[in-house]
Amino acid sequence: MAFALRKRGPSDFQRAADGSMTLIEHIRELRNRLFRASLAILVGFGFGIWLATPVRELLSKPYCDLPQAADPETGLCKFVQLGVADVFLLNLKIGLWVGLIIAAPVWLYQLWAFIAPGLHRNERRYAYIFTALAAPLFAAGAVLAFFVTTKGLEFLLNVSGDDIATTLEVTRYISFVTNLILLFGVAFEFPLVVLMLNFAGLASARKLLSWWRVAVFVFFAFAAVVTPTPDPFGMTALALCLSALYFAAVGVAFINDKRRGRGKEVYSGLSDDEVSPLQLDTEPVSATPEVEFSGPVGAPEPVAAPAPIDRRFDDMT
């Protein structure tokens, strides 16, 4: 053969997993992965700037669909710009958010590839499952936030009356919508926290189910505090969705406990402050057989006398 195939050495993942990578190599790997993630975000930011105007129009749709938002003369939906560069800076901000979303597969992979070698095999499997569930849950929270924004604006603008003309400032409105989307998306990740507690063995499914009253109360209190609109639609929608997701997570926890055989232990049916029952049906203790006496314990054995030394060699000399 013109050339010989050389056997490839272990990859960076394998060397980091078995601990053979030095500290300097870890720092160098972190630098390379941060550079790749930043480059992906920069490319995504370029696409985000191109999509900034359509995204801004999409975020403005809950307000522009209302009849109160139409201009009396032109019939178009208009916002107010207080600063000369407000819309330009707003497009940069929207482009950055869109760039982070577009480049999410790249920078999430770089983050995962750096921390995964320090995890066990089952921990990596659970991380794959939770990551696959996190994205749809966040998207569901974002859709609910869009619905809540539409209903909340309709309620607030009807309260103001027909004799008051309302024109929203564009940067404050977009910040209001994006903050609401982010808040609802993060709130929808709460079931994953419940599943983590169960999969880690910190809380059983029965214990989680016994907390349902406290959980529902906390959900309604949380929704009342974080929902920016004073109407009851957003608070009720968020609290009911979180409650439904909590019960769904408890159902998955029951399946996990049954698969692992939890709840079949000896003291599984007892609470922490309950005394365990005494076992009264004991068997009588029989006498042990006698041990024959064989002499004092630890007596030294007799030492044999040394063999006589042969003197024939000395007699010959």
Side-chain angles (χ1 to χ4, degrees), residues 37-38 40-42 44-45 47-49 51-65 79 86-112 130-156 168-196 215 218-246 249:
S38 302
I41 293 175
L42 184 61
F45 178 68
F47 284 98
I49 293 296
L51 297 173
T53 301
V55 171
R56 191 180 75 242
E57 293 177 354
L58 177 63
L59 295 177
S60 304
K61 190 174 179 58
Y63 171 70
C64 292
D65 289 343
F79 290 91
D86 285 351
V87 175
F88 175 74
L89 296 177
L90 180 61
N91 288 338
L92 293 180
K93 183 179 179 180
I94 295 176
L96 180 59
W97 282 107
V98 175
L100 288 173
I101 296 175
I102 293 176
V106 178
W107 61 263
L108 283 176
Y109 170 76
Q110 297 299 328
L111 177 63
W112 170 250
F130 288 135
T131 304
L133 293 176
L137 287 175
F138 188 91
V143 173
L144 180 61
F146 212 72
F147 170 77
V148 169
T149 302
T150 303
K151 294 299 181 181
L153 289 176
E154 183 179 359
F155 173 80
L156 294 176
L168 302 182
E169 199 270 326
V170 60
T171 58
R172 295 182 61 182
Y173 170 79
I174 297 298
S175 298
F176 167 77
V177 177
T178 53
N179 290 337
L180 196 65
I181 291 175
L182 182 62
L183 181 63
F184 275 57
V186 173
F188 267 55
E189 305 295 335
F190 180 76
L192 295 182
V193 179
V194 176
L195 290 180
M196 286 181 184
V218 170
F219 291 151
F220 273 89
F222 173 78
V225 172
V226 303
T227 305
T229 56
D231 62 282
F233 303 107
M235 180 192 73
T236 306
L238 178 59
L240 290 179
C241 289
L242 290 179
S243 301
L245 290 175
Y246 179 80

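Numbers for residues simply follow the sequence, beginning at 1. When reading the values below, keep in mind they use all heavy atoms of this one structure, side chains included, and skip hydrogens, waters and symmetry mates.
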Output the distance between atom [atom1] ([X]) and atom [atom2] ([Y]), rounded to the nearest 0.5 Å.
{"X": "Leu245", "Y": "Leu137", "atom1": "CG", "atom2": "CG", "value": "6.5 Å"}
{"X": "Phe220", "Y": "Met235", "atom1": "CZ", "atom2": "CE", "value": "6.5 Å"}
{"X": "Leu90", "Y": "Asp86", "atom1": "CG", "atom2": "CG", "value": "8.0 Å"}
{"X": "Phe219", "Y": "Thr236", "atom1": "CZ", "atom2": "OG1", "value": "15.0 Å"}
{"X": "Leu96", "Y": "Asn91", "atom1": "CG", "atom2": "CG", "value": "12.5 Å"}

Original post:
Looking only at heavy atoms, what is the nearest atom pair of Leu58 and Phe146, with distance?
Top reply: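 Distance-wise, the nearest heavy atoms are O-CZ, 3.2 Å.
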Would you be so kind as to tabulate the donor-acceptor pairs closer than 3.5 Å made by side chains of residues 99-110, with sequence neighbours excluded?
{"residue": "Trp107", "atom": "NE1", "partner": "Leu100", "partner atom": "O", "Å": "3.0"}
{"residue": "Trp107", "atom": "NE1", "partner": "Ala103", "partner atom": "O", "Å": "3.4"}
{"residue": "Gln110", "atom": "OE1", "partner": "Arg33", "partner atom": "NH1", "Å": "3.0"}

Counterpart residues, side chain to side chain contact (heavy atoms under 4.5 Å, CB included), relative to [X] (two or more places apart):
{"X": "Ser38", "result": "none"}
{"X": "Leu42", "result": "none"}
{"X": "Phe88", "result": "Leu92"}

**OP:** Check step by step if side chain to side chain contact (heavy atoms under 4.5 Å, CB included) holds for Cys241 and Tyr246.
**Re:** CA-CA 9 Å; Cys241 289; Tyr246 179 80; over 6 Å; no
List, one per line, each side-chain donor-acceptor pair under 3.5 Å for residues 173-196, sequence neighbours excluded.
{"residue": "Tyr173", "atom": "OH", "partner": "Leu59", "partner atom": "O", "Å": "2.8"}
{"residue": "Tyr173", "atom": "OH", "partner": "Tyr63", "partner atom": "N", "Å": "3.4"}
{"residue": "Ser175", "atom": "OG", "partner": "Thr171", "partner atom": "O", "Å": "2.9"}
{"residue": "Thr178", "atom": "OG1", "partner": "Ile174", "partner atom": "O", "Å": "2.8"}
{"residue": "Thr178", "atom": "OG1", "partner": "Ser175", "partner atom": "O", "Å": "3.1"}
{"residue": "Asn179", "atom": "ND2", "partner": "Ser175", "partner atom": "O", "Å": "3.0"}
{"residue": "Glu189", "atom": "OE2", "partner": "Phe138", "partner atom": "N", "Å": "3.3"}

